[in-house]
There are 2 protein chains.
Amino acid sequence: MDLLLKPDGLPPALSDAVMFRNVAAGQTLFQAGDSALELFVVEIGRIKVFRCASEDRLVTLELARAHESFAEAALFLETYACTAIAEVDSRVIVYPTQALLAVLGKLPELAEALMERMVQKIQALEVSLELRDIRAAHRRVLQYLRYLAQAKNQRVVSFDRPLKDTAGELGLTPESLSRALARLELDGMITREQRLITLNDQAVA
Amino acid sequence: MDLLLKPDGLPPALSDAVMFRNVAAGQTLFQAGDSALELFVVEIGRIKVFRCASEDRLVTLELARAHESFAEAALFLETYACTAIAEVDSRVIVYPTQALLAVLGKLPELAEALMERMVQKIQALEVSLELRDIRAAHRRVLQYLRYLAQAKNQRVVSFDRPLKDTAGELGLTPESLSRALARLELDGMITREQRLITLNDQAVA
DNA sequence: CGCATAGTTGACTACGCTCAACCCTGGTGG
DNA sequence: CCACCAGGGTTGAGCGTAGTCAACTATGCG
């Protein structure tokens, strides 16, 4: 996504169309059903994208952090199928899909970057799906921690937001997550200090 | 994926690199860990792509049917993270990723087609994830049937493979799926005849 | 005709969800 | 400086439901 991070370097046809938007914490950027005209890149902050399954039930699909894009689906769909809200005060770069598609032919490296990002997303969703297939909460959490640690190539995982939210991402209730962590600690798989968790040797698999 | 269906129409640089491969039912096309050098399109048959979660546990990630592509991740990753096997006798078109990437710049419509396909996949995975969040088996199955019916724009859904496999895709055991279907029929939501299921009025939501 | 596999049904178990109470922290205001 | 409050987090008790194991039936193929 390096390319989309600094619009100035892009062809005028595109960079002229780019906009910026500040989103306050809790504010929604777009809703399911809105016509999909824009693709976004997070400049600063954190955007949560989710589907409303059934009324009170919501499924977090991705958490776009700084420098990450989201809503690529807008490139080919009429309307958004998801809703996006800012978890904290954020600032996003807004790319009109028309302008993006128009310059794709001229900028193969942009197309490549977008595809690479999509592959990452597919991969992430696949991991989520794999995690959901682990029924035992403590096992699921452990595997999740392993993935996080592996991605950062270290054994310490720190959460920058309420465990409650993390629980939702894992398809667990906060209570279950709490119990799972307690059990993992008891079993000696992890040691924790608030939202800072260290994987012990035997947990690295 | 129309473009990738008939390699003859593609630039020689690409079409010369294309290969075809017959895969017998049960035969594996590639395994997790293999170096990822090729992207595939199903000509005829059915390919199952899955991750091995933990030994005996496998998570179906996608089911590529005729004219559908899979293993796009190969474009940007060193090795496959999944395994692909043929569920029935199949024939696939094999695109070396190097050749594909090389002509992307010349063929914006190819890049666009690939991106569109990836968006479809992301969408499909998101739906899977949403389904997993429905705990009650009968509700999950009902929602699944609704999606299938909606996609085909009709109320009849017919399965061309064992319910056992469908159960796995839904993250259920065959027994649970069986019970769920029985209950849905009892509740008057569906009527079924073997692997042919019709959604009743009240089920369309 | 018999074997293998798919599908169904039953009894039991296990584990996550729900609801509820409680602790702990940080922030606010008197 | 402390009382209060709100929200996150933890812990407990009971329930519901999907998984498991098992037996049985149905179907298709040699």
Side-chain angles (χ1 to χ4, degrees), chain A residues 25-26 46 48 53-60 87-88 129 131-145 157-187 190-197, chain B residues 25-26 46 48 53-60 87-89 128-129 131-145 157-187 190-197:
Chain A
R46 210 167 62 217
K48 178 165 73 173
S54 59
E55 308 308 321
D56 55 351
R57 198 96 190 133
L58 66 82
V59 190
T60 301
E87 278 199 347
V88 299
L129 213 53
L131 285 175
R132 297 304 175 99
D133 254 43
I134 306 174
R135 336 218 104 262
H138 66 282
R139 289 198 176 286
R140 186 187 303 181
V141 173
L142 181 56
Q143 190 64 26
Y144 175 65
L145 293 173
V157 176
S158 81
F159 294 100
D160 56 354
R161 57 199 195 113
L163 290 186
K164 174 170 98 97
D165 295 3
T166 307
E169 246 173 276
L170 282 166
L172 295 174
T173 58
E175 293 96 323
S176 290
L177 176 56
S178 178
R179 277 185 250 264
L181 288 174
R183 169 155 180 190
L184 286 175
E185 192 169 18
L186 193 72
D187 291 356
I190 64 171
T191 51
R192 65 180 292 216
E193 200 170 331
Q194 315 291 75
R195 294 180 189 165
L196 201 90
I197 295 173
Chain B
R46 209 166 62 217
K48 177 164 75 173
S54 59
E55 309 308 321
D56 55 352
R57 198 95 192 134
L58 67 82
V59 189
T60 301
E87 279 200 347
V88 299
D89 291 343
S128 293
L129 212 53
L131 285 174
R132 298 303 175 98
D133 253 43
I134 306 175
R135 337 214 106 260
H138 66 283
R139 291 198 174 287
R140 186 187 303 180
V141 173
L142 181 57
Q143 190 64 25
Y144 176 65
L145 292 173
V157 177
S158 81
F159 294 99
D160 56 354
R161 58 201 194 111
L163 290 186
K164 174 170 98 96
D165 294 4
T166 307
E169 244 173 277
L170 281 165
L172 295 174
T173 58
E175 295 95 323
S176 291
L177 176 55
S178 178
R179 277 186 251 265
L181 288 173
R183 170 157 180 190
L184 287 176
E185 191 169 20
L186 193 72
D187 291 356
I190 64 171
T191 52
R192 65 178 292 215
E193 200 170 332
Q194 315 291 71
R195 293 179 189 167
L196 200 89
I197 295 173

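Heavy-atom basis, side chains included; hydrogens, waters and symmetry copies ignored. Residue numbers start from 1 in every chain, and the chains themselves are labelled A, B, ... in the order their sequence lines are given, proteins ahead of strands.
Distance, A:Leu186 CG to D:dT10 P: 14 Å, rounded to whole Å. The distance between atom CZ of B:Arg139 and atom C1' of D:dA18, rounded to the nearest whole Å, is 16 Å. One atom, CD of A:Glu185, and another, C1' of D:dT10, lie 12 Å apart when rounded to the nearest Å. Rounded to a whole Å, the CZ atom of A:Phe159 is 15 Å from the C1' atom of D:dG8. Residue A:His138 contributes atom NE2, which lies 14 Å from atom P of C:dA14 at whole-angstrom precision. Across the protein-nucleic acid pair, B:Arg132 atom CZ and C:dG16 atom C1' stand 17 Å apart, rounded to whole Å. The separation between A:Leu170 atom CG and C:dC15 atom P is 18 Å, rounded to whole Å.
Listed by chain and residue number, A:Lys48, A:Leu58, A:Glu169 satisfy the side-chain contact (heavy atoms from CB on, under 4.5 Å) test with A:Thr60 (two or more places apart in sequence, or in another chain). Remark: A:Arg195 pairs with no residue by the salt bridge (Lys or Arg N to Asp or Glu O under 4.0 Å) rule, at least two apart or across chains. B:Ser158 is linked by a side chain to side chain donor-acceptor pair (under 3.5 Å) to nothing, counting only residues two or more places apart in sequence or in another chain. With sequence neighbours excluded, the residues forming a salt bridge (Lys or Arg N to Asp or Glu O under 4.0 Å) with B:Asp187 are B:Arg183, listed by chain and number. Listed by chain and residue number, nothing satisfies the side chain to side chain donor-acceptor pair (under 3.5 Å) test with B:Arg179 (two or more places apart in sequence, or in another chain). Residues satisfying the side chain to side chain donor-acceptor pair (under 3.5 Å) criterion with A:Arg46, sequence neighbours excluded, are A:Glu87. For the side chain to side chain donor-acceptor pair (under 3.5 Å) test, no residue two or more places apart in sequence or in another chain qualifies with B:Thr166.
Between the OG atom of B:Ser176 and the CG atom of B:Leu181 there is a distance of 11.0 Å, given to the nearest 0.5 Å.
Overall bending of the helix from C:dC1-D:dG30 to C:dG30-D:dC1, expressed as the angle between end axes built from five pairs apiece, is 30° (10° steps).
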* **From CA spacing to verdict: side chain to side chain contact (heavy atoms under 4.5 Å, CB included), A:Leu184, A:Ile197** => CA-CA 11 Å; A:Leu184 286 175; A:Ile197 295 173; over 6 Å; no
Show me the side-chain donor-acceptor pairs of residues 134-143 of chain B shorter than 3.5 Å, one per line, residues at least two apart or across chains.
| residue | atom | partner | partner atom | Å |
| --- | --- | --- | --- | --- |
| B:Arg140 | NE | B:Leu131 | O | 3.3 |
| B:Arg140 | NE | B:Ile134 | O | 2.9 |
| B:Arg140 | NH1 | B:Leu170 | O | 2.6 |
| B:Arg140 | NH1 | B:Gly171 | O | 3.4 |
| B:Arg140 | NH2 | B:Ile134 | O | 3.0 |
| B:Gln143 | OE1 | B:Arg146 | NE | 3.3 |
| B:Gln143 | OE1 | B:Arg146 | NH2 | 3.3 |

Identify the pairs formed between an N or O of the protein and an N or O of nucleotides 3-6 of chain C at a distance under 3.5 Å, and give each distance.
| residue | atom | partner | partner atom | Å |
| --- | --- | --- | --- | --- |
| C:dA6 | O3' | B:Arg195 | NH2 | 3.4 |

Polar atom pairs (N or O), protein with nucleotides 20-27 of chain D, under 3.5 Å:
| residue | atom | partner | partner atom | Å |
| --- | --- | --- | --- | --- |
| D:dT20 | O4 | B:Arg179 | NH2 | 3.1 |
| D:dC21 | N4 | B:Glu175 | OE2 | 3.3 |

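If you find the closest nucleotide of DNA chain D to B:Gly171 and to A:Arg192, the one lying nearer the 5' end belongs to A:Arg192.
Within 4.0 Å of B:Leu177, counting heavy atoms only, lies no atom of the nucleic acid at all.
The shortest side-chain heavy-atom distance between B:Ile190 and B:Val157 does not fall under the 4.5 Å cut-off.
Closest to the side chain of B:Leu172, from the set D:dT11, C:dT8, D:dG19, is D:dG19.
In this model, the phosphate group of D:dT11 is not approached by any side-chain N or O of A:Arg183 to a distance below 4.0 Å at OP1 or OP2.
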